[in-house]
Enquirer: 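Structure below; questions to follow.
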Amino acid sequence: MGTGFSCKNNVNGDSWKVFVCRFKKHNKSSTQKEGIPNEKRHVTKIRPADLCSAKIKVQRYFSEQKVRIERFKDSPDHSHPIEDSEKLKRSEVVRELVMQEAVKNYRPPEIVSAVKEIATETLDLGECVKELRRKEVTNIKYKVRGPLDTHLVGDPKRELDIREAISFLKNRGYLVERYEIPDLSTYGFVFMHPNHLKNLEQHGWLSLIDSTHKTNRYDCRLFTLYIRNSYGCWDVGAHFFVSKEDSETVATGLKAIRRFAHRWNP
């Protein structure tokens with residue numbers, strides 16, 4: 001495992017490239033800046049420099065369709081176990097696996113477990129993920145989820161955020177009803193488009209309900225009703241957010257939908 005060091009392409013199509021061991025790091029790792037609050041600091045990993053200076057040269061002969069690999073000049077012999085290499089710097093295949101799981105917005109411990117299982121049982125890369133740690137996964141997840149979650153970050157005050165969300169929906173023609181259950185200290189709000197209302201009343205005799213977590217900063221669950229339309233395809237009937245998944249809070253949301261869809265008879 002190495003990184004590009006130098007290369008040359010000849011006019012006849014032949015080329016060569018020199019690779020240096022990935023343990024070779026020319027510059028010492030930088031330290032964290034002063035004056036940054038702890039909650040905004042990333043967990044970083046310091047990599048020492050100049051651990052290995054081994055190089056190889058890869059020559060490609062275009063006309064002969066051959067490749068020759070040799071030690072570059074007076075480069076020393078070296079051998080590094082995959083485990084040590086992964087401790088130093090995570091390979092691209094492992095980083096890609098972590099990124100694929102991070103998109104699903106799982107917690108770092110769950111991502112670590114999933115990546116280790118996939119790498120070991122499917123890709124035969126158990127040694128590569130043996131030293132995978134949560135702090136690495138957390139940093140990768142932050143880079144992946146940051147841009148994806150930007151549209152979910154609203155006003156820091158929950159009440160104002162909910163009112164703005166309801167106003168946004170009403171301005172786009174949605175039917176919206178908000179409700180609270182004081183005895184349980186729970187709340188929710190229903191929203192459905194008039195087109196969905198028609199689908200629900202006409203085809204809602206068979207309705208499926210699905211709950212989606214982690215769609216917002218307040219940990220409210222998003223419930224969606226699905227119906228099978230006249231084309232035999234599953235389509236949306238209505239949505240509602242609830243602050244808690246207890247039976248009374250969910251039932252109140254369904255009753256609110258029924259007030260909009262008078263002819264809905266599941």
Enquirer: What residue pairs, at least two apart or across chains, pass salt bridge (Lys or Arg N to Asp or Glu O under 4.0 Å) with a residue in residues 190-209?
Expert: Glu201-Arg263

Enquirer: In the structure I gave you, are the side-chain heavy atoms of Asn216 and Leu222 within less than 4.5 Å of one another anywhere?
Expert: no

Enquirer: Using side chain to side chain donor-acceptor pair (under 3.5 Å) as the criterion, list what pairs up with Gln202, not counting sequence neighbours.
Expert: none

Enquirer: Determine which pairs satisfy salt bridge (Lys or Arg N to Asp or Glu O under 4.0 Å) with at least one residue from residues 227-242, sequence neighbours left out, and list them in order.
Expert: none

Enquirer: For the side chain of Trp16 and the backbone of Lys57, is there at least one donor-acceptor N/O pair under 3.5 Å apart?
Expert: no

Enquirer: Does Arg172 make a cation-pi contact with Phe168 (under 6.0 Å, within 45 degrees of the axis)?
Expert: yes

Enquirer: Is the number of heavy atoms from other residues, nucleotides or ligands within 6.0 Å of CZ (Arg60) greater than 12?
Expert: no

Enquirer: Salt bridge (charged side-chain N to carboxylate O under 4.0 Å, His left out) with Glu70: which residues, sequence neighbours excluded?
Expert: Arg68

Enquirer: Quick one: list whatever passes salt bridge (charged side-chain N to carboxylate O under 4.0 Å, His left out) with Arg259, sequence neighbours left out.
Expert: Glu177

Enquirer: Could you tell me whether the side chain of Phe240 reaches within less than 4.5 Å of the side chain of Ile209, counting heavy atoms only?
Expert: yes

Enquirer: Among residues at least two apart in sequence or on other chains, which ones pass ring-ring contact (aromatic ring centres under 6.0 Å, His included) with Phe260?
Expert: none

Enquirer: If you look only at distance, which donor and acceptor atoms sit under 3.5 Å apart when one is on a side chain in residues 182-196 and the other is two or more places apart or in another chain?
Expert:
| from | atom 1 | to | atom 2 | distance (Å) |
| --- | --- | --- | --- | --- |
| Thr186 | OG1 | Thr249 | OG1 | 2.9 |
| His193 | ND1 | Asn195 | N | 3.2 |

Enquirer: Can you sort out the partners of Glu159 under side chain to side chain donor-acceptor pair (under 3.5 Å), two or more places apart, ordered by chain and number?
Expert: Arg163, Arg178

Enquirer: I would like to know whether Phe223 and Leu254 meet side chain to side chain contact (heavy atoms under 4.5 Å, CB included); could you show each step before the answer?
Expert: CA-CA 10 Å; Phe223 279 83; Leu254 293 172; over 6 Å; no

Enquirer: Please enumerate all residues that pass side-chain contact (heavy atoms from CB on, under 4.5 Å) together with Ala165, with sequence neighbours excluded.
Expert: none

Enquirer: Tell me the closest heavy-atom pair linking Gly204 and Ile227, and the distance in Å.
Expert: CA-CG2, 3.6 Å

Enquirer: Taking side-chain contact (heavy atoms from CB on, under 4.5 Å) as the test, write out the residues that go with Gln100, two or more places apart.
Expert: Glu96, Leu97

Enquirer: Which residues pass the side-chain contact (heavy atoms from CB on, under 4.5 Å) test with Leu208, not counting sequence neighbours?
Expert: Tyr226, Trp234

Enquirer: List in chain and number order the residues that pass side-chain contact (heavy atoms from CB on, under 4.5 Å) with Asn12, two or more places apart in sequence or in another chain; answer none if no residue qualifies.
Expert: Asn10, Asp14

Enquirer: Is any side-chain heavy atom of Val112 less than 4.5 Å from a side-chain heavy atom of Pro108?
Expert: no

Enquirer: Mind checking whether Trp264 and Leu225 have side chains closer than 4.5 Å, heavy atoms only?
Expert: yes

